[in-house]
Amino acid sequence: MLSVLIWLPIFTAIFIAVLPLNIPKDRIRLTALILAGIVLFWNLFILLKFDISNPGMQFQEYLPWNETLGLSYQLGVDGLSILMLVLNSLLTWIAIYSSSKETERPRLFYSMILLVSGGVAGAFLAENLLLFFLFYELELIPFYLLISIWGGEKRGYAGIKFLIYTAVSGALILATFLGMVWLSGSTNFAFDAVSTENLSIAKQILLLAGIVLGFGIKIPLVPFHTWLPDAYVEASAPIAILLGGVLAKLGTYGLLRFGLGMFPHAWSIIAPTLAIWGAVNAIYGALIAIAQKDIKRMVAYSSIGHMGYVLLAAAASTSLALVGAVAQMFSHGIILAILFHLVGVVEAKVGTRELDKLNGLMSPIRGLPLISALLVLSGMASAGIPGLTGFIAEFIVFQGSFSVFPISTILCVVASGLTAVYFVILLNRTCFGRLDNLAYYPKVLWSEKIPALILAAFIIFLGVQPTWLVRWSESTTTTMVTAIPSLEKTVISEVAVK
């Protein structure tokens, strides 16, 4: 059942790559779109079959692979990964749908997107450390090509920078995984076969540092974030959707799964540092976003800030905070996706992303009133306005983290307020303002509006029905919290208050 989510996109990518050269571009795109839609519906079917009361892995699959290396094809899904799988398949479909019908080299383009989708799904489903690493690295070259070939003017520089940072991330994670197995004396890389409980605290912290740094680059966390604005800005809008909406979630998922999940004792010791780091990330991302003149770069920096909330929640490690972390990961994915899509539409119609050159897009004279209205909605969601999914996720994170790290939580609340500042700047200068001319931009087709309307529906529905956002992860995150030593958490609380 779960293998379909991995291998259907990968086999489809191979099929598209070997299609004859005389196949029309629109048929190649339609093939990719149909297969991505099938994967999405299959994912939703698994979601409906998912037992929310079961905290463990479900729909497990096992196949021996290389017992000498301790490598097995072992899959499973739980409350941490189920929503991430849905997010991956949804945004893959959105990215393919929103891509231009005139995209050059379409066979390679859609093959790379589908390879990314299969690799990301495999990483979320893997129950073996080496298997996770293989899928984690599978997206490296496809994303590099997607940025370097179909990106902007500085695409080569952005692609190389992304490649180097992501390669370093993978190297740190692989070294840590090998250290976990060797030091624990295990001969198997399966999750349930690797235990760190008998290791000294010093060794646990050393290994956990590798996990935090490796996945921190992928998220990314300050100061390992410098690849993000270049990659996000130079990538085309559909690829930016995947970079921000899906790729970053591999980093936060890795912290929860391998950091908190496998090193509960060491995690409780470094948690105060992580909470401060999350607050710094949130404040830094918001302040830098305020200073931007390029609206796409502004949205890119906003992503850095919002990932800080997830790190704060993971550090607090209360049941409510972890539910909020998963909710924030999903909410951030769909909000960032709609923002990048709308920015891409604005750039395509107006010809610029500069705040100083944009004004009055809400006016019917400009021809973009609906796009502007959706941009207002998505900006409100990112700023955490009540009634939208962004508010629900952030509120749960702050509510669950305040009792453990009050100062860091307050700083993140301030960062949330700063989010409203830079989105007010963005919306005021782009959607409103005095018209400097009577230019009427090209009409936005309904096909260009549909991705934003779908994502907007999710933002509103999950905002008024938050149960559909939080119910999937409650059992799993509650079980994870019980593994954290109560004594250590008491110490953390006392340190935070002092």
Practice problem: For Ile392 and Leu462, work out which heavy atoms get closest and say how close. | Solution: CG1-O, 4.3 Å

Quiz item: Would a line drawn from the ring center of Trp65 to the ring center of Tyr73 be shorter than 6.0 Å?
Solution: no

Exercise. Identify the residue among Trp267, Phe263, Phe177 that makes a ring-ring contact (aromatic ring centres under 6.0 Å, His included) with Phe258.
Key: Phe177

Exercise. Working to the nearest 0.5 Å, report the span between CG of Leu320 and OG1 of Thr477.
Key: 9.0 Å

Quiz item: Could you state the interatomic distance from CD1 (Ile211) to CE (Met262), rounded to the nearest 0.5 Å?
Solution: 8.0 Å

Self-check item: Qualifying residue, where the test is side-chain contact (heavy atoms from CB on, under 4.5 Å) with Ile276 and the options are Thr273, Val280, Leu274
Solution: Val280

Quiz item: When you measure from the side chain of Arg471 to the backbone N and O of Ile52, does any donor-acceptor pair fall under 3.5 Å?
Solution: no

Practice problem: Please work out which of the three classes, parallel, tilted or perpendicular, describes the rings of His332 and His306, given edges at 30° and 60°. | Solution: tilted

Quiz item: Would a distance-only check, ignoring hydrogens and angles, find a side-chain to backbone donor-acceptor pair under 3.5 Å from Ser302 to Val299?
Solution: yes

Quiz item: Taking Ser236 for the side chain and Gly151 for the main chain, is one N or O donor matched with an acceptor at less than 3.5 Å?
Solution: no

Quiz item: Could you give all pairs that pass the salt bridge (charged side-chain N to carboxylate O under 4.0 Å, His left out) test and reach residues 221-242, with sequence neighbours left out?
Solution: Lys161-Asp230

Quiz item: Do the side chain of Thr318 and the main chain of Gly400 share a donor and acceptor less than 3.5 angstrom apart?
Solution: yes

Quiz prompt | For Tyr253 against Ala123, the heavy-atom pair lying closest together | solution = CE2-O, 4.0 Å

Quiz prompt | Atom of Ile283, atom of Leu411 and distance for their closest heavy-atom approach | solution = CD1-O, 3.3 Å

Practice problem: Please report the C-alpha distance between His341 and Ile94 in whole Å, then the side-chain angles of each, then the deciding distance to 0.1 Å, and finally whether the side chain to side chain contact (heavy atoms under 4.5 Å, CB included) criterion is met. | Solution: CA-CA 9 Å; His341 175 73; Ile94 292 288; 5.6 Å; no

Quiz item: Counting N and O atoms only, with roles assigned by atom type, does the side chain of Thr166 sit under 3.5 Å from a partner on the main chain of Leu163, one being a donor and the other an acceptor?
Solution: no

Exercise. Could you tell me if the ring centre of Phe189 sits under 6.0 Å from that of Phe132?
Key: no

Quiz item: Roughly how far, to the nearest 0.5 Å, is CG of Leu208 from OG1 of Thr176?
Solution: 9.0 Å

Quiz item: How about Ser195 and Glu197: does a side-chain donor come under 3.5 Å of a side-chain acceptor?
Solution: no

Quiz item: Is the backbone N or O of Ala13 less than 3.5 Å from a side-chain atom of Ser111, with the two atoms forming a donor-acceptor pair by type?
Solution: yes

Self-check item: With sequence neighbours excluded, residues passing ring pair (Phe, Tyr, Trp, His ring centres under 6.0 Å) with Phe133
Solution: none

Self-check item: Heavy-atom closest pair, residues Ile338 and Ala456
Solution: CD1-N, 3.9 Å

Quiz prompt | N/O donor-acceptor pair under 3.5 Å between Ser186 side chain and Ala193 backbone | solution = yes

Quiz item: Side chains of Gln74 and Glu61: is there a donor and an acceptor less than 3.5 Å apart?
Solution: no

Quiz item: Between the side chains of Tyr110 and Thr12, does any donor sit under 3.5 Å from an acceptor?
Solution: no

Practice problem: Run the ring-centre check on Tyr136 versus Phe215 and record whether the distance is less than 6.0 Å. | Solution: yes

Quiz item: Can you check whether Pro272's main-chain N or O pairs, donor with acceptor, with Trp277's side chain at less than 3.5 Å?
Solution: no

Quiz item: What is the ring orientation for Tyr301 with Tyr284, classed by angle as parallel under 30°, tilted 30 to 60°, or perpendicular over 60°?
Solution: perpendicular

Quiz item: Between Leu115 and Pro142, what is the shortest heavy-atom contact and its length?
Solution: CB-CG, 4.1 Å

Quiz item: So, the side chain of Tyr165 versus the backbone of Ile217: is there a donor-acceptor pair under 3.5 Å, distance only?
Solution: no

Quiz item: Within the distance-only criterion (no hydrogens, no angle test), does the side chain of Asn128 pair as donor or acceptor with the backbone N or O of Phe191 below 3.5 angstrom?
Solution: no

Quiz item: Shortest non-hydrogen contact from Val194 to Ser184?
Solution: CG1-OG, 4.2 Å

Self-check item: Aromatic Tyr97 / basic Arg29 pairing, under 6.0 angstrom, 45° off normal
Solution: yes

Quiz item: Looking at residues at least two apart in the chain, or sitting in another chain, which of them share a ring pair (Phe, Tyr, Trp, His ring centres under 6.0 Å) with Phe50?
Solution: none

Quiz prompt | Side-chain donor-acceptor pair present, Ser53, Asp51, cut-off under 3.5 Å | solution = yes

Exercise. Go through Val404 and Ser401 one step at a time and tell me if the side chain to side chain contact (heavy atoms under 4.5 Å, CB included) criterion holds.
Key: CA-CA 6 Å; Val404 184; Ser401 303; 6.0 Å; no

Exercise. Mind checking the CD1-OG1 spacing from Ile96 to Thr31? Nearest 0.5 Å is all I need.
Key: 10.5 Å

